[in-house]
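Please read these numbers as outputs of a predicted model, since none were measured by experiment. Side-chain atoms are counted along with the backbone in the values below, which use heavy atoms only and exclude waters and symmetry mates. Count residues from 1 along the sequence.
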Amino acid sequence: MLSFLPAPLIGLIAALLLGLNSLFWVPILLLVAMLKLVLPFQAVRRRLDPILVRIAEAWIVCNSGWMALTQNATWDVQGIAGLDAGGWYLVNCNHQTWADILVLQHLLTRRIPLLKFFLKRQLLWVPVMGLAWWALDFPFMRRHSEDVLSRHPELRAKDQAATRLACEKFALIPTSVMNFCEGTRFTALKHQRQQSPYRHLLKPKAGGIALAMNVMADKFQAILDVTIVYPDGAPDFWQFLCGRMKRVRVRVQTLPVPTELARADYARDPAVREAFQQWLQRLWQDKDRQITDLLEAR
């Protein structure tokens with residue numbers, strides 16, 4: 001443990017180890033991905049995709065190594081026992097900070113299949129990691145405001161097509177489809193602007209999770225509803241690297257897939273959209289209460 005060092009120095013060491021880890025594994029990942037690009041056949045994909053997943057998991061395990069070296073946080077985790085590393089899951093989580101992703105990967109890697117995130121298209125240009133996410137078939141989405149979508153409804157169809165294509169690829173090998181239903185990280189300002197009815201959460205967006213369920217209804221064996229709480233305040237990425245995350249509480253609840261909603265036509269049936277949104281709102285109300293309890297717990 002390096003907790004005796006000044007926090008900025010810990011941050012520099014953590015950033016260096018993260019960078020070296022990425023620079024080692026990502027070129028290997030890209031070599032395999034290029035082979036898949038040159039030979040775009042499903043039989044080739046079925047053989048190469050598991051190799052890509054193993055490489056990504058090795059990168060995550062090495063990240064957990066430098067986290068153990070630089071972090072001195074107290075982890076309070078429940079609900080991750082008995083998960084199936086060979087199944088398909090739809091993972092849903094509240095979102096406060098980039099540290100959420102490292103927390104989720106640290107806890108769930110090799111307990112369930114590799115988490116595949118829906119990412120903003122701008123993240124494709126992140127140095128090194130953008131290429132890694134592309135190689136792993138992470139779907140890159142164009143996030144448009146409701147105002148833009150109302151004027152250009154064809155843009156919604158493009159995102160739906162991209163989501164459907166990604167989910168069809170995910171169906172080939174065991175995969176965990178990761179979705180932050182809030183669509184963005186929680187901040188007090190965003191919460192105020194939205195006039196969110198929840199105390200600790202932004203309003204959930206149903207479209208992405210509904211489409212993922214619809215495409216993969218027969219694959220998903222369960223929904224993992226994850227709640228992450230930082231009792232001392234959510235650290236930003238630099239604070240996390242500096243070891244300033246003192247406590248994190250994580251609860252994972254395994255829920256059944258609502259098959260009657262998953263197999264219905266969310267895109268075209270207003271009654272289905274209303275029922276799905278009500279289901280998600282109930283889930284969000286329970287999560288909001290759980291966050292309150294976790295923050296108040298000693």
Exercise. Can you list every pair that meets salt bridge (Lys or Arg N to Asp or Glu O under 4.0 Å) and has a residue in residues 17-40, with sequence neighbours left out?
Worked result: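 For residues 17-40, and leaving out neighbouring residues, the salt bridge (Lys or Arg N to Asp or Glu O under 4.0 Å) pairs sorted by first residue read Lys36-Asp49, Lys36-Asp137.
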Problem set entry | Of all pairs that satisfy salt bridge (Lys or Arg N to Asp or Glu O under 4.0 Å), the ones with a partner from residues 7-34, not counting sequence neighbours |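 Matches after skipping sequence neighbours: none remain.
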Exercise. Could you give all pairs that pass the side-chain hydrogen bond (donor to acceptor under 3.5 Å, both in side chains) test and reach residues 101-115, with sequence neighbours left out?
Worked result: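 Sorted result for residues 101-115: Ser64-His106.
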Exercise. Any side-chain hydrogen bond (donor to acceptor under 3.5 Å, both in side chains) pairs touching residues 171-182, not counting sequence neighbours?
Worked result: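 Listed once each, the pairs would be none.
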Value rounded to 0.5 Å, distance of [atom1] in [X] from [atom2] in [Y]:
{"X": "Trp279", "Y": "Met213", "atom1": "CH2", "atom2": "CE", "answer": "3.5 Å"}
{"X": "Thr184", "Y": "Lys190", "atom1": "OG1", "atom2": "NZ", "answer": "2.5 Å"}
{"X": "Leu30", "Y": "Ile55", "atom1": "CG", "atom2": "CD1", "answer": "9.5 Å"}
{"X": "Ile101", "Y": "Ile228", "atom1": "CD1", "atom2": "CD1", "answer": "9.5 Å"}

In chain order, what residues pass the side-chain hydrogen bond (donor to acceptor under 3.5 Å, both in side chains) check against [X], with sequence neighbours excluded?
{"X": "Asp286", "answer": "Arg289"}
{"X": "Arg185", "answer": "none"}
{"X": "Gln42", "answer": "Arg46"}

Problem set entry | Qualifying residues under ring pair (Phe, Tyr, Trp, His ring centres under 6.0 Å), relative to Tyr230, sequence neighbours excluded |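 For Tyr230 there are no ring pair (Phe, Tyr, Trp, His ring centres under 6.0 Å) partners, ignoring immediate neighbours.
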Problem set entry | Residues clustering with Leu31 (ILVMFWY side chains joined when closer than 4.5 Å, directly or via others) |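 Once heavy-atom contacts under 4.5 Å are chained together, Leu31 still belongs with nothing else.
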Expected list for residues 250-258: side-chain donor-acceptor pairs under 3.5 angstrom, two or more places apart:
from: Arg251; atom 1: NH1; to: Asp76; atom 2: O; distance (Å): 3.2
from: Arg251; atom 1: NH1; to: Asp76; atom 2: OD1; distance (Å): 3.3
from: Arg251; atom 1: NH2; to: Asp76; atom 2: OD1; distance (Å): 3.4
from: Arg251; atom 1: NH2; to: Asp76; atom 2: OD2; distance (Å): 3.1

Donor-acceptor pairs are to be reported for all side-chain atoms of residues 195-203 against protein atoms at under 3.5 Å, with residues two or more places apart or in another chain.
from: Ser196; atom 1: OG; to: Tyr198; atom 2: N; distance (Å): 3.2
from: Ser196; atom 1: OG; to: Leu201; atom 2: O; distance (Å): 2.7
from: His200; atom 1: NE2; to: Thr292; atom 2: OG1; distance (Å): 2.8
from: Lys203; atom 1: NZ; to: Gln194; atom 2: O; distance (Å): 3.1

Identify each donor-acceptor pair in which a side-chain atom of residues 67-75 lies under 3.5 Å from a protein atom, sequence neighbours left out, and give them as a table.
from: Thr70; atom 1: OG1; to: Trp66; atom 2: O; distance (Å): 2.8
from: Gln71; atom 1: NE2; to: Phe240; atom 2: O; distance (Å): 2.5

